[in-house]
Amino acid sequence: PMKKKSWSQDIVISIFLLALSGFLIFHAVTVQSAEARQFPILILLIFAALAAAMLVNGIRYSRAAARGEARFKIMWWEEIKFALLVFVFIVVYVVAVDLVGFIIPSLLFTAGLMWFNYARNKLALILVPCGLVGFLYVLFTFILKTKMP
């Protein structure tokens, strides 16, 4: 019987991250102005480089596992659910900012993340989001003279 090849989860995840980086870089180049796209492209190139390093590491690990020198560690839902839920929360936040504007989604996002991280002090759940959003609003609107979404 032929032995089934196994891939490290890092290979699949890094390929997805490289594809996402490529899509976002393409989007930045085609949609944003030259000045606005410099920083996002820099961050995305660093992100892509880290994903490429993860891919190389995953390939090495898979080859070592095929030779019997290493064993795969399977990620279970309990280990990754927090990160995935925060990712979904961030996606919902980004969509909400685009639809509603900055202030309300940012207040809810900050309070929601605090609650998700077991902050239960009601005063803190009100003051921290208001202070953060107020600070960012003043910083961008009055100091940097930028229009908020």
Side-chain angles (χ1 to χ4, degrees), residues 5-65 70 72-149:
K5 277 199 162 198
S6 296
W7 283 12
S8 166
Q9 294 175 120
D10 289 351
I11 294 174
V12 177
I13 293 169
S14 61
I15 290 171
F16 170 75
L17 294 176
L18 284 168
L20 179 64
S21 299
F23 170 76
L24 292 174
I25 289 171
F26 175 77
H27 182 269
V29 169
T30 57
V31 173
Q32 296 178 335
S33 68
E35 301 84 29
R37 67 179 170 230
Q38 288 176 349
F39 184 70
I41 288 177
L42 174 67
I43 296 300
L44 288 167
L45 289 174
I46 293 169
F47 186 73
L50 292 171
M54 184 177 171
L55 177 62
V56 169
N57 191 42
I59 291 170
R60 285 184 185 156
Y61 193 76
S62 294
R63 287 183 178 162
F72 287 120
K73 181 182 182 316
I74 306 287
M75 279 193 270
W76 300 103
W77 171 249
E78 290 300 317
E79 296 172 331
I80 62 172
K81 72 177 180 183
F82 181 77
L84 290 175
L85 290 172
V86 169
F87 176 75
V88 168
F89 204 47
I90 291 170
V91 169
V92 169
Y93 169 70
V94 169
V95 171
V97 166
D98 195 42
L99 294 174
V100 180
F102 173 75
I103 295 175
I104 293 171
S106 297
L107 290 169
L108 296 174
F109 177 76
T110 307
L113 274 185
M114 289 175 64
W115 182 266
F116 200 62
N117 281 302
Y118 304 105
R120 298 295 186 257
N121 183 320
K122 290 177 182 139
L123 189 61
L125 286 169
I126 294 169
L127 293 180
V128 170
C130 289
L132 177 66
V133 171
F135 169 76
L136 291 174
Y137 182 79
V138 168
L139 175 69
F140 282 95
T141 303
F142 298 110
I143 297 172
L144 297 175
K145 308 247 188 263
T146 314
K147 187 178 178 220
M148 298 293 284

With rounding to the nearest 0.5 angstrom, report the [atom1] to [atom2] distance, [X] to [Y].
{"X": "L132", "Y": "L127", "atom1": "CG", "atom2": "CG", "value": "12.5 Å"}
{"X": "I41", "Y": "F26", "atom1": "CD1", "atom2": "CZ", "value": "11.5 Å"}
{"X": "L42", "Y": "I46", "atom1": "CG", "atom2": "CD1", "value": "4.5 Å"}
{"X": "I13", "Y": "L18", "atom1": "CD1", "atom2": "CG", "value": "12.0 Å"}
{"X": "S8", "Y": "R63", "atom1": "OG", "atom2": "CZ", "value": "13.0 Å"}
{"X": "R37", "Y": "T30", "atom1": "CZ", "atom2": "OG1", "value": "9.0 Å"}

Can you name the nearest heavy-atom pair linking [X] to [Y], along with the distance?
{"X": "M54", "Y": "L17", "result": "SD-CD1, 4.4 Å"}
{"X": "S14", "Y": "A51", "result": "CB-O, 3.3 Å"}
{"X": "S62", "Y": "I11", "result": "OG-CD1, 3.4 Å"}
{"X": "P129", "Y": "M114", "result": "CD-SD, 4.0 Å"}

Under a 4.5 Å cut-off applied to non-hydrogen side-chain atoms, are [X] and [Y] in contact?
{"X": "F102", "Y": "V133", "answer": "yes"}
{"X": "W115", "Y": "R120", "answer": "yes"}
{"X": "Y61", "Y": "D10", "answer": "no"}
{"X": "F23", "Y": "L44", "answer": "no"}

| message | Can a donor-acceptor pair be found, under 3.5 Å and without considering hydrogens, that links the side chain of N57 to the backbone of A53? | response |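 No.
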Just checking [X]: does its [atom1] atom have more than 12 heavy atoms from other residues, nucleotides or ligands closer to it than 6.0 angstrom?
{"X": "F87", "atom1": "CZ", "value": "no"}
{"X": "I104", "atom1": "CD1", "value": "no"}
{"X": "Y137", "atom1": "OH", "value": "no"}

| request: Please name the residue in the list L139, V138, T146 that meets the side-chain contact (heavy atoms from CB on, under 4.5 Å) test with F142. | output: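 Exactly one candidate clears the test, V138.
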| task | On the 0 to 90° scale, with breaks at 30° and 60°, tag the F89-F109 ring pair as parallel, tilted or perpendicular. | result |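 Rings of F89 and F109: parallel, under 30°.
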